[in-house]
Amino acid sequence: MSSNGFTTTILHSDRRGGVEHGGVHKPLHPSSEYAYADSRELAAVFQGKPGFTYARQGTPTTAALESKVTQMEGGVNSVSFATGMAALAATFFTLLKQGDHLISSQYIFGNTNSLLGTLSDLGVAVTLVDATDIEQVKAARRPETRMVFTESIANPGTQIADLKGIGQWCREQGLVYVLDSTLSTPWLCRGIDVGASLVVNSLSKYTGGHGNALGGAVTDTGLYDWSAYPNIAEPYRKGNPTSWGLTQIKKKGLRDMGATLSSDAAHRIAVGAETLALRMEKASANAMALASYLEGHALVNRVQYPGLASHAQHNRAADLFGGKHFGALLAVELSDDLDVFEFLNRLRVLVLATHLGDTRTLVLPVAHTIYYEMGPERRALMGIADNLLRISVGIEDTADLIQDFEQALAGK
Ligand SMILES: *Cc1c(COP(=O)(O)O)cnc(C)c1O
């Protein structure tokens, strides 16, 4: 990042990159193909010179967003994808091969859990561990281990893995450390500060922030020496080894899977990103207020929120996130005296929808929706109870959120 702060940097990023006609936004580039007057120049771009060829591999608009994400993360380079899942899939499928081993936190987003299942069907061994405990991560090490994966704040249980401990151990072991930073966002915690090699962000969530565009990104922090990684293909073992991993994710990921971010979505996400810090600050404050209110309520069994002193990794979260803000996601287990569906139907302000990181507060009964397919055993391993609600807190006026819970808990 430049010497400017988080928000200043994002606001002025396009302008500083040089925008035609003095525009303050990078324009929307809908062109599918990019033409060259000189055939040698065209060939050079295909052979690695920076430039654009076919929009599946990126456009000036997606590149401008990638530059913003790189600056937010303090990394060296980023590549964008159509969704966060596409970013994760590209990372795993382009860097891992049959016979390799991946250690993953067991507390992860349900769709990522599904992706790891697909990966293991294709011959990559996956071990799920409780990554809040570094000893469990270490104990899973095999000779063929290549990569460790965790989320910064786990969706939906809010567990916080030993992010720094994993970073240090991966560095000692020469392992690639992939951090899904979607729930913390780089505003709360940057992957580079915990030793991550690659940071994945679902841009559909807080970065875009308005529920009107999907996207994902992978950022290389520059900490990993890719010359030590066996799975980099020959054409990408060129130039500074710091860039090899991301080059392979970008080249192969966009080409082989084709889940490219559109210029239109990139533009919307870039505009949303301008207010990321402001939204996170308000949503985190709302989440803290709501968590404190719900924790004391007789009809609530348990509230999992990293800002509460009762959270198992509260001190770690305070250390990682600076002690003031703890993100905007709550996991709330209702009392068995409440019918979860009846309760949800009484809410008037909260939106019953499966998304998070929106400006609006969204709520979802996870065992019956996004975790339904995986069955009760796997849900138990991940700490998902039948009456668990995931609440993605938005930026509404705080009193309105508390009042909505008050009336819905009171019933009738
Ligand atoms: C939503 C989410 C994803 C996937 O992002 P999409 O853009 O919805 O594909 C990945 N990881 C986490 C932690 C998420 O919450």
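Atoms within each ligand, like the ligands themselves, are counted from 1 in listed order. Being a predicted model, the structure only gives us computed values, none of them experimental.
Listed by chain and residue number, nothing satisfies the side-chain hydrogen bond (donor to acceptor under 3.5 Å, both in side chains) test with Q248 (two or more places apart in sequence, or in another chain).
Less than 6.0 angstrom separates the ring centroid of F92 from the ring centroid of F149. Here H311 and F326 keep their ring centres 6.0 angstrom or further from each other.
Protein residues with a heavy atom closer than 4.0 Å to ligand 1 are T83, G84, M85, L88, F109, E151, N155, D180, T182, L183, S202, S204, K205, G215, L356, listed by chain and number.
Note that K205 lies in the cation-pi zone of F109, set by a 6.0 Å cut-off to the ring centre and a 45° limit from the axis.
Relative ring orientation between Y229 and Y224 is described as perpendicular, the plane-to-plane angle rising above 60° on a 0-90° scale split at 30° and 60°.
Here the side chains of T9 and T7 are not in contact, with every heavy-atom distance at 4.5 Å or above.
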